[in-house]
Amino acid sequence: MRAGRMDEAARLWAQVLAAVPDNPQALFHLAQYRMLQKDPAGAIGMLERAAKADPKASAIPLNIAFAQRALGNAAAELAAIERALAIDPYYLPALLLKGGALERTGHPRQAARVFRDALAVAPPDDQLSPELRKHVADARLAVDRNAVQLDAHLNEALSVLRASSGDVSLARFDACKEALLGRKKIYVQQPTMLHFPELPAIQFYDLAMFPWLAQLESQTDTIRAELLSLLESEAKGFRPYVQHPAGAPLNQWADLNYSPDWSAYFLWEDGQRNEAHCARCPRTAAVAGYMPLAHIPGYAPAVFFSTLRPHTRIPPHTGVTNIRLIVHLPLVVPEGCGFRVGNDSRTVEPGRAWVFDDTIEHEAWNDGDQARIILIFDIWNPHLAPAERELASALLNATRDYYSAG
């Protein structure tokens, strides 16, 4: 059959069937041969026998659906598709076929919901056959069309309520609606070391929560001047930010491991103040000292200049714990720099700081022709009580002591 010698294959399958009358493979392929011979009714008979012989094969009822479609039996086609999905609810060809059947029978909205389920389980396009790739592309178009129509419907239905909301920020509601429409993904916290429950998963924090940011931003020129002087006299103090040991799984860090493309100059590292580096940047160190740094012995704070070379991207990743947040103060920013947390991307502007939860997937890029340099430090998550801060810090250190003892 793979060689295209269909008549010869059919004779051989018939011999198999003569020897083993209920052989499901022979029945299945002979049914396909019947379809090639424009005999869908005969194909259905063989496929039903094959389904009895192998009731767990989802491809058999799927092919029954193809045959019923050829006969113009829309209801029977859908029933056969449902049989395939009852065997395997994630069967991509069956989901795509169901969406197509619903579209043809005048149910585009229900079809879009099925197509959305199909897209959720579809592998990357380069792993699909050309035929499936086309059907997946059609499914995307159907989902996008439906999202536009649903959005218009929702805007009309909710317009009065929105207008009466006053000065209340609707940013969270808008994100909720965009997720419902399939236009945005809701990202969750994924800390790699310690997850403190019931802390809000906020991508970029409202800057009004941190009145001291104005003082930080006012010192941008001073901090930048120290940075530039540092680069002229002590650039060797910058070292690769990513330093995984030999044998460690690198995953997305393979290109940046021990690479100067992303490097750092630490004033504080793992809770330890680098006296030599702070002496080299006294004003920056003084400004950082006024900030509400997270103090976790052996872990935090970290205060450092972060350099990203031209045409370099920091891949999507998550941080170690949500008990602290990360502050960025951009200092040197060429054109083409950006930063994404979750589904919120921002343009990097010199002197405009932000606060974010780095346990939510984030990435950065420098598409410019010069290095991008920012000041980074960590602060306590403001939703933690002082007692929770102390206990979480003690928890981390007690855990480390336990494993270091043997």
Side-chain angles (χ1 to χ4, degrees), residues 74 78 89 95-96 98-122 135-190 197-211 213-214 217 316 318 322 325-326 328 337-349 352-365 381-383:
L78 275 170
L95 289 169
L96 293 169
K98 181 178 179 180
L102 288 169
E103 272 191 325
R104 292 193 310 275
T105 54
H107 303 284
R109 296 178 181 180
Q110 298 305 317
R113 299 177 78 172
V114 174
F115 281 140
R116 189 171 175 179
D117 291 341
L119 295 177
V121 301
H135 288 306
V136 167
D138 291 341
R140 289 195 187 100
L141 290 175
V143 169
D144 291 343
R145 285 194 302 269
N146 183 71
V148 172
Q149 296 167 4
L150 177 57
D151 192 21
H153 170 79
L154 294 175
N155 288 338
E156 181 180 357
L158 303 174
S159 59
V160 175
L161 281 175
R162 286 192 72 100
S164 64
S165 61
D167 296 331
V168 176
S169 172
L170 298 178
R172 290 193 301 176
F173 170 76
D174 288 337
C176 170
K177 181 166 75 75
E178 290 298 297
L180 174 68
L181 293 169
R183 293 172 173 167
K184 285 189 175 181
K185 173 183 174 181
I186 296 179
Y187 286 82
V188 298
Q189 296 165 321
Q190 295 178 295
E198 299 185 23
L199 295 179
I202 299 172
Q203 296 174 167
F204 286 98
Y205 271 70
D206 184 351
L207 300 185
M209 295 179 62
F210 312 99
L213 279 176
E217 292 177 339
T318 59
N322 60 338
L325 305 177
I326 307 299
H328 281 188
C337 290
F339 192 79
R340 176 185 70 85
V341 182
N343 49 45
D344 191 350
S345 296
R346 298 194 174 182
T347 301
V348 184
E349 299 180 37
R352 296 292 299 273
W354 64 74
V355 182
F356 72 102
D357 183 342
D358 78 329
T359 65
I360 298 172
E361 182 186 279
H362 59 286
E363 62 179 327
W365 58 92
N381 189 313
H383 296 284

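Note that the numbering runs from 1 along the sequence shown for the chain.
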If you compare all heavy atoms of Ser165 against all heavy atoms of Leu170, which two are closest, and at what distance to 0.1 Å? OG-CD1, 3.6 Å
Would you say Asn155's side chain and Asp151's backbone share a donor-acceptor pair under 3.5 angstrom? yes
Measure the shortest side-chain to side-chain distance between Arg116 and Leu119 over non-hydrogen atoms and say whether it is less than 4.5 angstrom. no
Test: Lys177 cationic atom under 6.0 Å from Phe173 six-membered ring centre, within 45° of axis: no
Which residue in the set Arg172, Lys184, Lys185, Arg183 passes salt bridge (Lys or Arg N to Asp or Glu O under 4.0 Å) when paired with Glu178? Arg183
Flag the pair Pro89 / Asp117 as yes when at least one side-chain heavy-atom distance between them is below 4.5 Å, and no otherwise. no
If we ignore hydrogens and angles and just use 3.5 Å, is the side chain of Arg340 paired with the main-chain N or O of Gly342 as donor and acceptor? yes
Mind listing the closest non-hydrogen atom pair of Ala353 and Glu217 along with its distance? N-OE2, 2.9 Å
Residue Arg346 excluded, over 12 heavy atoms near CZ under 6.0 Å: yes
Check for a donor-acceptor pair, side chain of Asn381 on one end and backbone N or O of Asn322 on the other, with a separation under 3.5 Å. yes
Hey, does the side chain of Gln203 reach the backbone of Asn343 with a donor-acceptor pair shorter than 3.5 angstrom? yes
Test side chain to side chain contact (heavy atoms under 4.5 Å, CB included) on Gln189 and Ile360 and set out the steps. CA-CA 5 Å; Gln189 296 165 321; Ile360 298 172; 4.1 Å; yes
Any side-chain heavy atom of Leu96 within less than 4.5 Å of one from Phe115? yes
Distance check, rounded to the nearest 0.5 Å: Leu213 atom CG versus Leu207 atom CG? 5.5 Å
Passes ring pair (Phe, Tyr, Trp, His ring centres under 6.0 Å), His362 versus Tyr187? Steps please. CA-CA 10 Å; His362 59 286; Tyr187 286 82; over 10 Å; no
Minimum-distance pair of heavy atoms, taken over all atoms of Pro200 and Tyr205: O-OH, 3.9 Å
Give a yes or no on this: more than 12 heavy atoms of other residues, nucleotides or ligands lie within 6.0 Å of atom CZ of Arg109. no
Under 6.0 Å from the CZ atom of Arg113, do we count more than 12 heavy atoms belonging to anything else shown? no
Tightest non-hydrogen contact, residues Gly99 and Ala111, listed as O-CB, 3.3 Å
Where the side chain of Asp357 meets the backbone of Ala201, is there a donor-acceptor pair that is under 3.5 Å apart? no
Donor-acceptor contact below 3.5 Å, side chain Glu103 vs main chain Ala112: no
Within the 4.5 Å heavy-atom criterion, are Ile202 and His383 side-chain neighbours or not? yes
Give a yes or no on whether a salt bridge exists between Arg162 and Asp174, defined as a side-chain N under 4.0 angstrom from a carboxylate O. yes
Quick check: do Val348 and Trp354 have side-chain heavy atoms less than 4.5 Å from each other? yes
